Every structure is written in structure tokens, then in C-alpha cells.
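Order of the sequence lines sets the chain letters (A, B, ...), proteins ahead of strands, with each chain counted from 1. Not measured: the values here are computed from a predicted model. Just so it is clear, the values below take in all heavy atoms, side chains as well, and ignore hydrogens, waters and symmetry mates.
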Amino acid sequence: MSKGLTSRTEDYSQWYNELVSKADLAEHSSVKGCMVIKPYGYAIWEKMQAVLDQKFKDTGHSNAYFPLFIPKSFFSKEASHVDGFATECAVVTHYRLKNDGNGNIIVDETAKLEEELIVRPTSETIIWNTYKGWIQSYRDLPILVNQWANVVRWEMRTRLFLRTTEFLWQEGHTAHATQAEAIAETEQMLNVYADFAENWMAVPVLRGKKTANERFAGALDTYCIEALMQDGKALQAGTSHFLGQNFAKAFDVKFTNREGKIEYVWASSWGVSTRLIGALIMAHSDDFGLVLPPKMAPIQVVIVPIYKGDEELQKISATAQQIMGDLKAKGISVKYDNRDTQRPGFKFAEYEMKGVPLRIAIGGRDLENNTVELARRDTRSKETVSNQGLANLIENLLTEIQQNIFDKALLNRAEKSTRVDTYEEFKKVLDDKTGFVYAHWDGTPETETKIKEETKATIRCIPLDNPLENGFCIYTGKPSKQRVVFARAY
RNA sequence: CGGGAUGUAGCGUAGCCCGGUAUCGCGUCAGCAUGGGGUGCUGGAGGUCGCAGGUUCGAAUCCUGCCAUCCCGACCA
């Protein structure tokens, strides 16, 4: 691991890239646009999965698995869905290779697929094709299924975690007897995501609806959680879609309701991806490396011994083991780094880069005094504390750190949220101050598109709890009933 | 797919204009010392100079073609 990190103010993008690499989260693979998620980065994903998976189960969902490949004909059935994804699909056309006689492996042209297969960019089509066979009566509803999977979207430009050609995610797909129930499900899952983002990832989010332009291809309504990064750019952190009867109609999924009438099934889908790791990184980290909220940290506490010779190490290790036992009893994950191959200072820097929330250093002086040195990653403060009641102290500190990290992110968002009433002001804020810009909009896709073309800012969402307020569109001057949230986004 | 740039050791680089078999840093390996914030010294290993042609006694360097990657745009969780 090399020293130092480009500062955020100097070059935010480079800071991000170096951080991902130096914190050992991920690296570029030999496959263009695809990343290798390294063990430490994957451990964060596993933390996310564990929490989300439990939340899904607590809200009545079950996991299942659907194929990676989708027949092209399925994919074409829902018109706006195809339009949305057509330009970024990987297509399988052949199923065999052969030797061309010169030692080269080539595609065997005689092994052409009857029907080409799409590598799923999302699974609505294959799932609704399947649901058709599962649903006949209202008694079969609702179906509440989630799958953890990889998907492929052939992106032009990629960035580790934020946008890669292949990424990991979960996609929930539910089927309901009524519109109201499907909408309630859509909203419920949005709240699950928001709760996860704020109370686990310590990332404050806006809950809102997307405008028609930003809506998921095939949805009637797209709900989202929007987070603000430290550089003032917005990041869509999760989406939940009310699909109406669009996919039921496309795949002819009907059921007999209580009244004996035949009706199309109502649907929702919702997902979050490994992009959340990008959000986590950019929301909290500093110029010294990653800053992880304790609830998302693969290692919450690291213990570094400082010693001269084996004998002293033995003594320190005994103390360390005792502390580890106390912490583990409280469900705190702890690592004792007694590698003799690195020096303490190196380890300090390394765990700082990796965002471990708390570090305990134990040296000879501490043994004499029954103390340890305790260092917080979020504030980078150090203090020497007594061994007595250490586990309780740490337990409380972890809670405090979790809160502190959230508060900081919330403060950043508050500082970077601005209300503007003119287009001039709007552009100036976007350029100079960045962040969320609350402005009136006439509600038309045309105006939204114009603003996007001229400023690169998009409407991130119309907040769900948005107060009504009469005003005039900053672009056209037409009357407007509420402000919407604009930002430049990842 | 348009506009720009770059390919030299695991990583980052110098050398290229002005041809003579490759520089430095990090990392790595060995030994000794060191150990409370990225340790020091000594010694070692590691290179088809993106690929293929061409010019030349001789090419990382000059010429031609190709490939790849990165940045900016269009597209996007």
C-alpha cells in the first residue's frame, strides 16, 4: 500500500479512485468496465446484504432465483421497457467455439442460437413470464419475491461501484390483487431502503418520486432515495417502482378476483446495488481514507500491539485476548493485528485507510498502568483510557460514532441545499455551491430536458412530504405549485 | 460512435525531439538494527520498452499499420 491520498478538494474523482484502490475495496478487471470486488469491499457488501435480507424477510418476502438469460422475445414485450434498456444489452448469439485450424479459438458459426438471449439488465420480463404460471386466483396473491443477483448493463463510461458493466444487486418483484396494495408495497420498500440508508449506512436521504423523464422503463411511478455526496453531487441510492399492470398485460398475467371477475395483476419492483458502497464511500470518507459507520464496518475495532521482543508481545497478547473476549460477548467485531511484519505506525495508517471505526493500541506503558490508547476514526482523536469497563465504553462509543457520522452527512446536505427563484441564481448555485437546489418547475418534460441540456442538472425527485407552495417555474415562468429538487448527479 | 491523450518491472515514472540494449521512486526478497503514527542501513531479484511490419550495422527512440487503455461528449442503478 502506497502512502497518502489525493485530497478531496484537489481532485474529488481521483480521491475516490485512489481510495477504492488503497482501502483494498475493488480494482479494475481485465474485462472492460467490470470490476473485481476484493475481500474487504465484498465484506461491506455482505454486511449490507445481511441487513437488507433480514428487512425483506421481516416484511414478508422470500428469496428465489431466476435465470441470467432472457429470451429476446420476452424482452420485447413491454414497449417502454425495451426502449429503456435496448441500447445497453449484452446479447448471446452462439453457444459453441471451435478451433479454426490455425490454433485460434473462434465462434462456431454453425452453432447459432435459434433465439438470441439477452443477459439480464433487470429481470421483470423473465419473472412476469414465470408469474403467469403461478397466478390464477386472488388466493395466489400476493407474491413477494426477491432475488440477489448480478445484472449487466453495457455502459459507455464506468466507475468502480458507481457504474460498472456488471454489478451486484437485489431485485424484488411483487404481484398484487389491487392497485392500492401494489402502491403500498412500493412505498413500504422505499421506506425500508430509506431506513437502511439512514440508520445503518448513516447516509441521510430524500424520499421522493421521479419525474416522467427519470422514471424506470415500464413503471407508472418510480420512487427513489436520493443521497448527497460530499462534493455536492446527488446519487440515486435505491429505487422502488409501481409497475401498474404493464407487465401483467405484456405477459398476460390475469387472476380471478373475489367477485369472480378476471383482472390483470398489479406489480411492484425495487432494487439497490453495489452502488451503495460508492455512496457509503463518498458520503463519509476523508483525506486519510475510508470512514465507515460502525454498523457497516467489517471490522469495528482493531487492536494493535506495541512491543519490543517476544516476551512483551506475550503479555500484551494476553490483555488483548481478554479485551477481544469482552467485545465479542457484546457482538462487536474485533481484529487483533499481531503481525510482526509491519510496524505499528504502518498499521495505524492502514486501518485508517480502511475506515475501521475504533483502534486500540496496547504497549508496555499501558500494561503497567492498566490502560489502552483508544483512537476514533471519525474524529481522529486519541485518548488513553482505563481497561476497566472498556467494553462498555467501546459499545457506547460505536453508537456515538454511528450518530456522529450521520450528523456530519446531514449537516453537509443542509449546507448544500439551496432554494432559488430565478434561473440565473439556479445556474450560479449549481456551479459555485453545488448540491440540492430546490426550485419551481412547470411540470413539463420539455422544460426538464431543456434545463438538463443547459445545466446538466436533473430533477432528482419530487419529495414525498413536499410542502405545497405557489411560485413560478424558474425556466418558463409558468405557475407551479411546489418546488422540486434539482442537482447534478452521478 | 465523435474530440483529445497515453502505452517502458507488480504500481508510478525518466529516457524518445538528437538511434548505441533502459533511469528513478514505491513495492518485493535476504540480513542486521528498530518498534507509542507509513523505520533505517546493506545487499539482491525483477523488463517480449502495447503488437506487427519497415528503415538502419544497430530501434524504447524514426516510419507505417493494428490493438488496448484513459480523459471529454452522447447513454446510465
Side chain of [X] - closest among [options]:
{"X": "A/K32", "options": "B/rG38, B/rG37, B/rU69", "result": "B/rU69"}
{"X": "A/K382", "options": "B/rA77, B/rG38, B/rG37", "result": "B/rG37"}
{"X": "A/R343", "options": "B/rA77, B/rG35, B/rG38", "result": "B/rG35"}

Given 3.5 Å as the limit, does a donor-acceptor pair link the side chain of [X] with the main chain of [Y], or not?
{"X": "A/T130", "Y": "A/I126", "answer": "yes"}
{"X": "A/R275", "Y": "A/A237", "answer": "no"}
{"X": "A/T164", "Y": "A/L160", "answer": "no"}
{"X": "A/Y131", "Y": "A/I143", "answer": "no"}
{"X": "A/D366", "Y": "A/G363", "answer": "yes"}
{"X": "A/Y307", "Y": "A/K315", "answer": "no"}
{"X": "A/H81", "Y": "A/A217", "answer": "yes"}

In Watson-Crick or G-U wobble terms, both distances under 3.5 Å, what is the partner of [N]?
{"N": "B/rC70", "answer": "B/rG4"}
{"N": "B/rG31", "answer": "B/rC41"}
{"N": "B/rC26", "answer": "B/rG10"}
{"N": "B/rA52", "answer": "B/rU64"}
{"N": "B/rC57", "answer": "B/rG20"}
{"N": "B/rG47", "answer": "none"}

For [X], which contact category applies under a 4.0 Å heavy-atom criterion: base, sugar-phosphate, or nothing?
{"X": "A/D340", "answer": "base"}
{"X": "A/R159", "answer": "nothing"}
{"X": "A/T341", "answer": "nothing"}
{"X": "A/E155", "answer": "base"}
{"X": "A/L235", "answer": "nothing"}
{"X": "A/F167", "answer": "base"}

Using a cut-off of 6.0 Å, state whether more than 12 heavy atoms not belonging to [X] lie near its atom [atom1].
{"X": "A/K72", "atom1": "NZ", "value": "no"}
{"X": "A/E311", "atom1": "CD", "value": "no"}
{"X": "A/E46", "atom1": "CD", "value": "yes"}
{"X": "A/W148", "atom1": "CH2", "value": "yes"}

Interatomic distance where [atom1] belongs to [X] and [atom2] belongs to [N] [whole Å]:
{"X": "A/E383", "N": "B/rG36", "atom1": "CD", "atom2": "P", "result": "21 Å"}
{"X": "A/K22", "N": "B/rG27", "atom1": "NZ", "atom2": "C1'", "result": "12 Å"}
{"X": "A/L52", "N": "B/rA77", "atom1": "CG", "atom2": "P", "result": "19 Å"}
{"X": "A/N213", "N": "B/rC75", "atom1": "CG", "atom2": "C1'", "result": "14 Å"}

Check whether any side-chain heavy atom of A/L144 sits under 4.5 Å from a side-chain heavy atom of A/S62, and report yes or no.
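A/L144 does not reach A/S62 side chain to side chain.
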
Check for me whether A/R377 meets the cation-pi criterion with A/Y351, that is, NZ or CZ under 6.0 Å from the six-membered ring centre and within 45 degrees of the ring axis.
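No, A/R377 and A/Y351 do not form such a contact.
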
Identified salt bridge (charged side-chain N to carboxylate O under 4.0 Å, His left out) partner of A/E350 from the options A/R339, A/K22, A/R343
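Of the listed options, the one satisfying the test is A/R339.
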
Given B/rG73, is OP1 or OP2 found less than 4.0 Å from the side-chain N or O atoms of A/K456?
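Yes.
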
Donor-acceptor pair present, A/E352 side chain and B/rG37 base, under 3.5 Å:
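Result: at least one qualifying N/O pair found.
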
Verify side chain to side chain contact (heavy atoms under 4.5 Å, CB included) between A/Q49 and A/D53, making sure each step is shown before the conclusion.
CA-CA 6 Å; A/Q49 283 185 301; A/D53 200 63; 5.6 Å; no

Taking NZ, NE, NH1 and NH2 as the nitrogens, is one of them in A/R376 or A/D378 under 4.0 Å from a carboxylate oxygen of the other?
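Judged by the 4.0 Å cut-off on N to carboxylate O distance, A/R376 and A/D378 do form a salt bridge.
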
Measure up the A/W169 and A/F167 rings against each other and bin them: parallel (under 30°), tilted (30 to 60°), perpendicular (over 60°).
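Answer is perpendicular, since the angle exceeds 60°.
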
Pairwise C1' distance for B/rG15 and B/rA22, with rounding to whole Å:
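Result for the C1' pair: 8 Å, nearest Å.
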
Rounded to whole angstrom, note down the P distance from B/rC26 over to B/rG19.
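Approximately 33 Å lies between the P atom of B/rC26 and that of B/rG19.
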
Protein N or O to nucleotides 40-46 of chain B N or O, pairs below 3.5 Å:
none

Which residues in [range] have a heavy atom closer than 4.0 Å to any atom of RNA chain B?
{"range": "residues 272-301 of chain A", "value": "A/S273, A/R275"}
{"range": "residues 303-315 of chain A", "value": "A/I306, A/Y307, A/K308"}
{"range": "residues 41-51 of chain A", "value": "none"}
{"range": "residues 361-381 of chain A", "value": "A/A361, A/G363, A/G364, A/R365, A/D366, A/E373, A/R380"}

Mind checking ring pair (Phe, Tyr, Trp, His ring centres under 6.0 Å) for A/W270 and listing every partner two or more places apart, or none if nothing turns up?
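Scan of A/W270 (ring pair (Phe, Tyr, Trp, His ring centres under 6.0 Å), adjacent residues dropped) gives A/F56, A/H61.
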
For RNA chain B, whose closest nucleotide is more 5', that of A/T158 or that of A/F348?
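The 5'-side residue here is A/F348.
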
Pick the nucleotide of RNA chain B nearest each of A/V31 and A/P344; which residue has the one closer to the 5' end?
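The residue closer to the strand's 5' end, by nearest nucleotide, is A/P344.
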
